[in-house]
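Right, one structure below, let's go through it.
Residue numbers start at 1 and run along the sequence shown. When reading the values below, keep in mind they use all heavy atoms of this one structure, side chains included, and skip hydrogens, waters and symmetry mates.
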Amino acid sequence: LEGMTEHFFGRRVPGFLRRDELVARHEQALGRPLVDLRWFELFAMARSSTLQIRTELLEARRRGKEPNPVERNAVLAYTAAAIAEADVSR
């Protein structure tokens, strides 16, 4: 979320921990390292993008308007780029 916020708004959200700080807190609380975190982050981004597109489509239909083309969805494009450049294979 931090990377996406910086990408779209050019700044961080005040008061939010940086990713490395958040990971360190979770690892300390769990007493073990987080495993496959990037995969889960990418999955959450893809799921969120899908829900956003579906919600926009349903809202457009409800209002009797044309939905925004999926190809112009900036969040989906950002998510696809993040997935493409990620190395989550083992």
Side-chain angles (χ1 to χ4, degrees):
L1 183 59
E2 175 188 15
M4 192 179 296
T5 302
E6 286 186 48
H7 175 79
F8 287 110
F9 302 104
R11 61 185 174 91
R12 296 182 63 237
V13 178
F16 277 39
L17 296 175
R18 289 189 328 265
R19 183 182 185 277
D20 60 331
E21 295 171 325
L22 187 63
V23 169
R25 281 195 184 186
H26 278 281
E27 289 179 340
Q28 183 178 18
L30 290 170
R32 64 172 176 79
L34 295 176
V35 179
D36 298 327
L37 179 61
R38 188 63 181 149
W39 186 93
F40 287 101
E41 289 174 328
L42 294 170
F43 178 76
M45 288 169 59
R47 185 171 186 264
S48 178
S49 296
T50 303
L51 293 172
Q52 177 196 19
I53 290 167
R54 178 70 174 156
T55 301
E56 287 177 2
L57 174 66
L58 292 174
E59 182 63 17
R61 283 184 183 167
R62 187 182 72 77
R63 293 181 180 212
K65 296 183 177 181
E66 282 293 314
N68 293 326
V70 173
E71 296 81 16
R72 290 193 353 221
N73 185 298
V75 174
L76 181 60
Y78 177 87
T79 300
I83 291 169
E85 67 186 35
D87 179 16
V88 293
S89 62
R90 286 192 194 221

Checklist entry - Do Y78 and I83 sit in the same hydrophobic cluster, where Ile, Leu, Val, Met, Phe, Trp and Tyr count as joined when their side-chain heavy atoms come under 4.5 Å apart? => result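 Cluster IDs for Y78 and I83 match.
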Next on the checklist: Are F40 and L30 linked, directly or through intermediate hydrophobic residues, by side-chain heavy-atom contacts shorter than 4.5 Å (ILVMFWY only)?
Outcome noted: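 Each belongs to a different hydrophobic cluster.
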Checklist entry - Which pair of non-hydrogen atoms, one from E27 and one from P33, has the smallest distance, and what is that distance? => result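 E27 and P33 have their closest heavy atoms at OE2-CA, 3.5 Å.
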Checklist entry - Considering all heavy atoms of both residues, which atom of A60 and which atom of P67 are nearest to each other, and what is their separation? => result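 For A60 versus P67, the nearest heavy atoms are CB-CA, 3.6 Å.
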Item to check | Residues R63, E59; criterion salt bridge (Lys or Arg N to Asp or Glu O under 4.0 Å); working and verdict | outcome: CA-CA 6 Å; R63 293 181 180 212; E59 182 63 17; 2.6 Å; yes
Item to check | Close side-chain approach of R12 and R18, heavy atoms under 4.5 Å | outcome: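 Yes. Closest side-chain heavy atoms under 4.5 Å.
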Checklist entry - Do V75 and F8 touch side chain to side chain, with heavy atoms closer than 4.5 Å? => result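 V75 reaches F8 side chain to side chain.
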Checklist entry - Passes side chain to side chain contact (heavy atoms under 4.5 Å, CB included), M45 versus M4? Steps please. => result CA-CA 10 Å; M45 288 169 59; M4 192 179 296; 4.0 Å; yes
Checklist entry - Step by step, would you call L37 with R19 a side chain to side chain contact (heavy atoms under 4.5 Å, CB included)? => result CA-CA 11 Å; L37 179 61; R19 183 182 185 277; 3.4 Å; yes
Next on the checklist: Within this structure, what is the CD-CG distance for the pair E85 and L42, rounded to the nearest 0.5 Å?
Outcome noted: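 It is 9.0 Å, given to the nearest 0.5 Å.
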Checklist entry - At what distance, to the nearest 0.5 angstrom, does CG of D36 lie from CD of E41? => result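 The distance works out to 11.0 Å.
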Next on the checklist: Is there a side chain to side chain contact (heavy atoms under 4.5 Å, CB included) between N68 and E56? Walk through the geometry before answering.
Outcome noted: CA-CA 8 Å; N68 293 326; E56 287 177 2; 4.1 Å; yes
Item to check | Atom CZ of F43: over 12 foreign heavy atoms under 6.0 Å | outcome: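 No, the 6.0 Å shell around CZ holds no more than 12 heavy atoms from other groups.
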